[in-house]
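Beneath this line is the structure, given in structure tokens, with notes to follow.
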Amino acid sequence: MAAPERLPPPGADELPRMSLIEHLEELRKRILWSIVGMAVVFLPCWTYSKWVFDHFLAAPILSYLPPPHQLVYNKLSDPFILYFKLACILAIFAASPFILYQAWCFIAPGLYPRERRFALPFVLCTSAFFIGGGAFGYYVAFPRAAAFFFEIGKGLTPLITVDTYLSFLTT
């Protein structure tokens, strides 16, 4: 009977080995840390969500509505849900560097050392692109889309609910 083949000793470029359960535990840990990061920034986002909506998000649409008109809501719980959704969206934007860092911490052990040096540029660039994409949508795409839709509906009275407005704005 032949002796089992021995593996060579690990070199500097060898990656650590983890079982499937260990990978899942690490993923669970990173997801939980991301949720904790979002929870930490959620409270300040909740505190300022009404101000952000009134002074920042509602401003573009209110310029198209005739003076006596404003955004409306149909259900008693709509304002609460609106500010809760907005606080969640703001928390995702505010915590995006931390969330991306957690994603990197999950991915990094599977990379060679020469590949890991891209961690800081990865987190910074993806955070900047994520926030930049949101800014592009708000400052460029949304005003043009709103102008287009109001032009099509010229002569009609809009009845825009806060829920449909936030859904359209975030889409």
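Just the heavy atoms: all of them, side chains too, but no hydrogens, waters or symmetry mates, feed the values below.
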**Request:** Go through the steps for Thr161 and Thr164 under the test side-chain hydrogen bond (donor to acceptor under 3.5 Å, both in side chains), then give the verdict.
**Result:** CA-CA 5 Å; Thr161 64; Thr164 57; 2.8 Å; yes
**Request:** Please assess Phe80 against Tyr73 for the test side chain to side chain contact (heavy atoms under 4.5 Å, CB included), listing each intermediate value before the final yes or no.
**Result:** CA-CA 11 Å; Phe80 174 80; Tyr73 63 93; over 6 Å; no
**Request:** Classify the ring geometry between Phe56 and Tyr139 as parallel (under 30°), tilted (30 to 60°) or perpendicular (over 60°).
**Result:** perpendicular
**Message:** Looking at every heavy atom in both Val41 and Ala91, which two are closest together, and how far apart are they?
**Reply:** CG2-O, 3.6 Å
**Message:** A side-chain contact here means heavy atoms from C-beta on lying under 4.5 Å apart; do Phe84 and Phe42 qualify?
**Reply:** yes
**Prompt:** Would you find a donor on one side and an acceptor on the other, under 3.5 Å apart, between the side chain of Ser96 and the backbone of Phe93?
**Reply:** yes
**Asked** Hey, quick one: are Phe168 and Val52 part of the same hydrophobic cluster, counting side-chain heavy atoms closer than 4.5 Å, chains of contacts allowed?
**Response** yes
**Prompt:** What pair of heavy atoms forms the shortest contact from Pro143 to Gly137, and how long is it?
**Reply:** CD-O, 4.3 Å
**Request:** Indicate the atoms forming the closest heavy-atom contact of Cys88 with Met38, along with that distance.
**Result:** O-CE, 4.2 Å
**Item:** Beyond-backbone contact of Tyr48 with Leu90, side-chain heavy atoms, under 4.5 angstrom
**Value:** no
**Request:** Would you give the length of the straight line joining atom CD1 of Ile81 to atom CG of Leu166, rounded to the nearest 0.5 angstrom?
**Result:** 11.5 Å
**Steps toward side chain to side chain contact (heavy atoms under 4.5 Å, CB included) verdict (Leu57, Leu169)** = CA-CA 8 Å; Leu57 294 180; Leu169 181 64; 3.5 Å; yes
**Request:** Please check if the side chain of Asp54 supplies one atom and the backbone of Trp51 the other of a donor-acceptor pair under 3.5 Å.
**Result:** no
**Prompt:** Under 4.0 Å between a Lys/Arg side-chain N and an Asp/Glu carboxylate O for Lys85 and Asp163?
**Reply:** yes
**Asked** Of the non-hydrogen atoms in Leu82 and Val162, which two are nearest, and what is the gap between them?
**Response** CD1-O, 3.8 Å
**Asked** For Phe150, does the CZ atom sit with more than 12 other heavy atoms under 6.0 Å from it, leaving out its own atoms?
**Response** yes
**Asked** Is the closest basic N to carboxylate O distance between Glu26 and Arg30 below 4.0 Å?
**Response** yes
**Message:** Checking Phe53 against Tyr165 for the side chain to side chain contact (heavy atoms under 4.5 Å, CB included) test, could you report, in this order, the C-alpha distance in whole Å, the side-chain angles of both residues, the deciding distance, and whether it holds?
**Reply:** CA-CA 11 Å; Phe53 185 79; Tyr165 175 67; 4.0 Å; yes
**Prompt:** Does the side chain of Ile160 come within less than 4.5 Å of Val72's, by heavy atoms?
**Reply:** no
**Request:** Give the minimum heavy-atom separation between Ala58 and Leu71, together with the two atoms involved.
**Result:** CB-CD1, 4.2 Å
**Request:** Decide yes or no on side chain to side chain contact (heavy atoms under 4.5 Å, CB included) for Leu32 and Arg28, but give the supporting numbers first.
**Result:** CA-CA 6 Å; Leu32 286 175; Arg28 179 181 161 271; 3.9 Å; yes
